[in-house]
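These numbers come from a predicted model, not from an experiment.
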Amino acid sequence: MYKKGDIIVGKVVSIVNFGALIELEDERIGLLHISKISDYFIADLNKFLTLDEYIRVRVLNCDDKRVELTIKDVPHYRNLGSAYAEDFEVLARKLPHWIKASRKPKMKPKSKGEQTNGSKTEH
């Protein structure tokens, strides 16, 4: 069973006026409601998703009968066959750590008696 927040891959098996039905890895069908696809108005869902397309979805809620899904905050929900999409996901995961590491001071902290110009203070 899936947990809230899981990102999984599913196949678009039906597009209806209120959203899309997504076949999940365990052969269950999840609902991707139209309100969980975009913050913007979608006039024609067929122009946004295509049948038999594999997409990444995030589980919003899951019980024995239903699985509610979203793609609003799922990075690279499309182009699953592209190696570049996978590379960007790795980059997106590692980038915050690299930024944090680059902000760490590289120099030793100054000793108590040292001034900023390198000379020592007299006591």
Measuring from atom [atom1] of [X] to atom [atom2] of [Y], what distance do you get when rounded to the nearest 0.5 angstrom?
| X | Y | atom1 | atom2 | answer |
| --- | --- | --- | --- | --- |
| Ile29 | Ile22 | CD1 | CD1 | 8.5 Å |
| Tyr2 | Glu25 | OH | CD | 5.0 Å |
| Ile34 | Ile42 | CD1 | CD1 | 5.0 Å |
| Leu32 | Phe18 | CG | CZ | 11.0 Å |
| Ser14 | Glu23 | OG | CD | 12.0 Å |
| His33 | Glu68 | NE2 | CD | 9.5 Å |

Practice task
State, yes or no, whether a side-chain contact exists between Leu49 and Ile37 at a heavy-atom distance under 4.5 Å.
Solution key: yes
Grouping I, L, V, M, F, W and Y whenever their side-chain heavy atoms are under 4.5 Å apart, do [X] and [Y] come out in a common cluster?
| X | Y | answer |
| --- | --- | --- |
| Ile8 | Val12 | yes |
| Leu69 | Ile7 | yes |
| Val74 | Leu45 | yes |
| Ile71 | Leu24 | yes |

What heavy-atom pair brings [X] and [Y] nearest, and what distance separates the two atoms?
| X | Y | answer |
| --- | --- | --- |
| Thr70 | Lys72 | OG1-N, 3.1 Å |
| Tyr40 | Ser38 | N-OG, 3.0 Å |
| Arg66 | Arg28 | O-NH2, 3.9 Å |

Exercise for the section: State whether Arg58 and Asp73 are salt-bridged, where the test is any N-O pair (Lys NZ or Arg NE/NH1/NH2 against Asp/Glu carboxylate O) under 4.0 Å. Expected result: yes
Practice task
Please assess Asp52 against Lys11 for the test side chain to side chain contact (heavy atoms under 4.5 Å, CB included), listing each intermediate value before the final yes or no.
Solution key: CA-CA 6 Å; Asp52 299 326; Lys11 178 181 176 183; 3.1 Å; yes
Practice task
Carefully, step by step, assess Leu51 and Ile15 under the rule side chain to side chain contact (heavy atoms under 4.5 Å, CB included).
Solution key: CA-CA 7 Å; Leu51 284 176; Ile15 298 175; 4.3 Å; yes
